[in-house]
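Numbering of ligands and ligand atoms starts at 1, following listing order.
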Amino acid sequence: MSALLLSLDSGIFIVTITAVFAKIDIMKPYLSILILFVLFGCDTKQVITLEPVHAPFSTKEVRTVQKQKPTNVILMIGDGMGLTQISAGMYSNDNSTALERCKVIGLQKTHAFDNLVTDSAASATAFSCGVKTYNAAIGVDQDTMPVKSILKYAQDRNMPTGLVASSTIVHATPACFYSNNKFRKNYEEIASDLVNSGVDFFVGGGKKFFDRREMDDRNLMDELKANDYMVSHFAEEELDAMSVDVNKKFGYLTADKDPIPVSGGRDYMIPASDMALDYLSEKGGNDGFFLMIEGSQIDWGGHANLTSYVVSEFLEYDKIIDNVLDFAEADGNTLVVITADHETGGLAINPGSTMDTLVTQFTTPKHTGTMVPVFAYGPGAESFSGIYENTEIFEKLKALVVE
Ligand code: MG
Ligand code: ZN
């Protein structure tokens, strides 16, 4: 009987046993119990572990790993700054880049919700707000619903915030931090969002979207002043001649439309970044600050398929990275994350290149779908190693800044 029970593995045997015991009246009260036992109580496939179970570590070995959290967060976005753009810049700069100071390196997957090849709006919404969305979306999800950016979370924590860009300040990359708009080219609407955003410090181009608007007669320069901003622009005074009052907010527009390339004489990015660091660190104090600095035109060099444009924009941005890392190193409580939104141009460094003379080739005047590197420095940097989606940049920053 026991041998029969142990070998039972199917309903056929159950039927057989039922038939055998049905003839014995005395067994009838136990029949249903027996059948239940056969069905559930005797699984011959069950593996019984006889080894005693040990905890993997003794209690003495269990440690609580406290995540180091930064006070200040600086996110640096080289638009279109893929690995080849960095390599081309590095070789053009005596084989050196400030990025080598970062010991934590990761890769992010850049694809958008609706397109394997992202634009700067979907990617900026991903790393600023944590959602995959459609190309051209500014801080809205795939259903055009507004999503909250890391800059807004920082504001909730009383951290002053800043944006510096070598594009217009209403361009996709900076816009995703303070605006929610279903279409990236609604520049005048995006400018209106900036006026009421509470962003403490901003420098970038696009003055005409503030004071010579087509959609209405509003003068957003006046509205900014009414909102406690000290505002000025390229035609009024030089940025680096201005003394900034930390008791007020600060906005400076560097061009009427797009700022010119650095090779054409644009020279505000380095002083603007230094001013942002001074202003925000003084204003933030122990609360810390959030700053985003974008090297916008590395991308434009890629779209133009001009290696010299890519390299000159990268080299200026590399100097800013070096300055920011100097600040972070001296401060000790500043996390710096440097990455791109996507690669632009499908740039390659071809055979025949030397350190002095690069033989380069582009595959497209558009963006490409390759992963892009992430470099991190300072407290919390270690969470940026590995391979992850661009939305994870937001999640990682939020975990470090907000939670
Ligand atoms: Mg951009
Ligand atoms: Zn682009």
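When distances to the Mg ion (ligand 1) are checked against a cut-off of 2.8 Å, Asp79 contributes an N, O or S atom below that limit. Contact annotation: Glu294 places an N, O or S atom under 2.8 Å from the Mg ion (ligand 1). For a distance bound of 2.8 Å, the N, O or S atoms of Asp299 include one lying that close to the Zn ion (ligand 2). Put simply, Thr173 gets within reach of the Mg ion (ligand 1), with an N, O or S atom under 2.8 Å from it.
Aromatic rings of Phe394 and Phe127 (six-membered ring for Trp) have centroids beyond the 6.0 Å cut-off, not under it.
Note that NE2 of His342 is 7.0 Å distant from CG of Asp119, once rounded to the nearest 0.5 Å.
For Lys148 and Tyr153, the positive end sits near the middle of the six-membered ring, less than 6.0 Å away and at most 45° from its axis.
Counting only heavy atoms from C-beta outward, the side chains of Asn227 and Asn196 approach each other to under 4.5 Å.
Between the NE2 atom of His367 and the NE2 atom of His303, the angle centred on the Zn ion (ligand 2) amounts to 100° when rounded to 10°.
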Test side chain to side chain donor-acceptor pair (under 3.5 Å) on Glu294 and His171; report intermediate values, then the result. CA-CA 11 Å; Glu294 185 198 15; His171 215 257; 5.6 Å; no
